[in-house]
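Below you'll find the structure, written out as structure tokens, and then a few comments.
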There are 2 protein chains.
Amino acid sequence: MVKNTLRREDALTRERIIEEAIALLDSSGEGGLTFRALAERLATGAGALYWHIANKNDLLAAACDAIVARRLGAPPVDASPQDIIRAVALELFDAIDAHPWIGPALTRAPWQAPLVRILERLGQQIRALGIPQAEQFAAVSALLGYILGVSVQNAANAQTGKQLGGDRSAILGQLAGAWAQLDADAYPFTRSIAAQLREHDDRMDFLAGVDLILRGLQRG
Amino acid sequence: MVKNTLRREDALTRERIIEEAIALLDSSGEGGLTFRALAERLATGAGALYWHIANKNDLLAAACDAIVARRLGAPPVDASPQDIIRAVALELFDAIDAHPWIGPALTRAPWQAPLVRILERLGQQIRALGIPQAEQFAAVSALLGYILGVSVQNAANAQTGKQLGGDRSAILGQLAGAWAQLDADAYPFTRSIAAQLREHDDRMDFLAGVDLILRGLQRG
DNA sequence: ACCTGAACACCGTTCAAGT
DNA sequence: ACCTGAACACCGTTCAAGT
């Protein structure tokens with residue numbers, strides 16, 4: 001009876017399912033999202049979820065879109081196109097870092113709602129930069145590809161770091177050590193930047209790359 | 001120790017397992033790689049595979065590395081750093097297009113063998129370009145992030161296109177139609193480039209982005 | 001309309017037992 | 001050392017049956 005009244009008070013909705021899915025994904029990772037676990041959290045049966053969502057892919061895409069929409073929520077005002085692009089890029093970098101399951105989810109549903117949201121935000125600024133119409137598509141897809149690619153890579157790094165024990169500098173130190181021991185003939189470059197690996201700042205490097213692309217665009 | 005005894009013609013080896021896994025992944029996609037299906041193809045039991053590989057992740061990473069090593073096999077000669085970088089970029093773009101499962105596999109094993117191979121190849125050219133030591137890490141990780149990000153995105157597009165029916169121009173036309181019907185106030189940019197979506201060449205846009213980054217690097 | 005929960009057809013992985 | 005194949009503990013998804 002307690003269970004029944006509980007269910008009545010907060011009826012199952014698509015939104016509630018998505019919110020709980022996000023919580024599950026954030027706390028237990030990609031593998032933690034299970035229809036059984038989700039149903040238990042929502043005090044319902046696994047089959048009930050299918051009344052509101054089509055399948056797991058649909059759920060993942062919806063969860064992803066909810067995060068992206070939230071992060072891109074605040075409309076930018078009074079800033080240069082470059083600054084807005086940088087802000088959007090950092091917002092996505094941080095969002096994917098906070099929710100590492102977004103990367104795979106975005107890749108699995110290309111050109112759907114979340115990606116189009118980002119495309120639009122970046123595209124408006126590409127236009128504001130005065131890039132000719134014929135080059136806008138290439139410009140925005142380069143920017144989009146870079147932002148998502150580096151962010152996903154960074155989140156994956158952080159994630160495996162967490163799985164290995166948490167201490168970031170220890171992990172990086174260990175990796176740097178492994179690189180330093182690579183074959184000197186085959187891997188001269190990797191060996192030479194092993195030290196930099198330990199000191200570098202992913203977020204700053206990411207932003208530097210965005211600036212690189214912006215610079216290239218303006219002198220195209 | 002030297003093995004004197006004759007090996008069975010069809011003895012199970014790590015290499016044979018990896019080759020068969022690649023064949024399975026290529027023909028049936030990521031979900032097609034199953035220990036049962038793989039064991040059947042190799043005329044053995046599922047458990048036998050675990051004598052040669054640690055788990056599915058290990059297998060996926062090994063398959064991924066085999067492809068990357070093969071594609072980066074030919075050592076570059078007599079070409080400018082820029083041309084070599086472009087060649088490596090295109091090689092990876094085509095490899096990921098041909099084996100779409102590589103994207104997720106690369107992301108799941110960051111900074112392991114395959115990624116380090118690519119890092120080294122790109123890094124040697126970054127060095128040859130005369131980028132200062134202190135900036136080399138940021139430069140190569142920007143390039144790497146862009147190349148993988150756009151390639152993975154492109155492969156995912158092609159993949160879902162295949163799933164939906166195969167006719168690329170029909171799919172793009174349909175997507176362009178959907179974009180053209182988006183809300184005019186919220187999505188002005190996306191609507192405006194819907195037409196370009198139909199005509200653009202992913203591979204050329206990708207290469208244009210590489211050049212953008214190279215240009216930015218040289219004027220940094 | 002919405003929900004239940006058992007059932008179906010799968011998975012990856014393990015392990016006693018064989019050769 | 002290497003392989004077998006049944007068993008375990010899971011999955012996503014479906015669907016008759018309930019309210």
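No hydrogens, no waters, no symmetry mates; every other heavy atom, side chains included, goes into these values. Residue numbers begin at 1 in each chain, while the letters A, B, ... track the order of the sequences. Being a predicted model, the structure only gives us computed values, none of them experimental.
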Among residues at least two apart in sequence or on other chains, which ones pass side-chain contact (heavy atoms from CB on, under 4.5 Å) with [X]?
X: A:Asp201; result: A:Arg203, A:Met204
X: B:Thr34; result: B:Arg36, B:Ala37
X: A:Asp202; result: A:Phe93, A:Asn154, A:Arg168, A:His200
X: A:Ala158; result: A:Asp97

Query raised in the report: Who are the side-chain hydrogen bond (donor to acceptor under 3.5 Å, both in side chains) partners of A:Asn57, not counting sequence neighbours?
Result: none

Query raised in the report: In dot-bracket, 5' to 3', how would DNA chain C read with Watson-Crick or G-U wobble pairs under 3.5 Å, [ ] for crossing ones and | for pairs to another strand?
Result: ||.|||||...|||||.||

Query raised in the report: Does OP1 or OP2 of D:dC3 have a side-chain N or O of B:His52 closer than 4.0 Å?
Result: yes

Requested in this report: Determine: side-chain N/O of A:Trp51 to OP1/OP2 of C:dC3, distance under 4.0 Å, yes or no.
Outcome: no

**Report entry** Sub-4.0 Å heavy-atom contacts from residues 99-109 of chain A onto DNA chain C, ordered by number
**Finding:** none

[X]: partners by salt bridge (charged side-chain N to carboxylate O under 4.0 Å, His left out), with sequence neighbours left out:
X: B:Glu199; value: none
X: A:Arg86; value: A:Asp83, A:Asp211
X: A:Glu30; value: A:Arg108

Query raised in the report: Between A:Tyr50 and A:Phe35, what is the ring plane arrangement, given parallel below 30°, perpendicular above 60°, and tilted in between?
Result: parallel

Query raised in the report: Applying salt bridge (charged side-chain N to carboxylate O under 4.0 Å, His left out), which residue pairs with at least one partner in residues 48-77 of chain B are found, sequence neighbours left out?
Result: B:Arg14-B:Asp58, B:Glu19-B:Arg70, B:Asp65-B:Arg117, B:Arg71-B:Glu91

Under 3.5 Å, which protein N or O atoms sit close to an N or O of nucleotides 13-15 of chain C? Give each pair with its distance.
residue: C:dT13; atom: OP2; partner: B:Tyr50; partner atom: OH; Å: 2.8
residue: C:dT13; atom: OP2; partner: B:Lys56; partner atom: N; Å: 2.9
residue: C:dT13; atom: O5'; partner: B:Tyr50; partner atom: OH; Å: 3.0

Query - Length of the line joining A:Glu30:CD and D:dC11:C1', which is rounded to integer Å - result: 14 Å

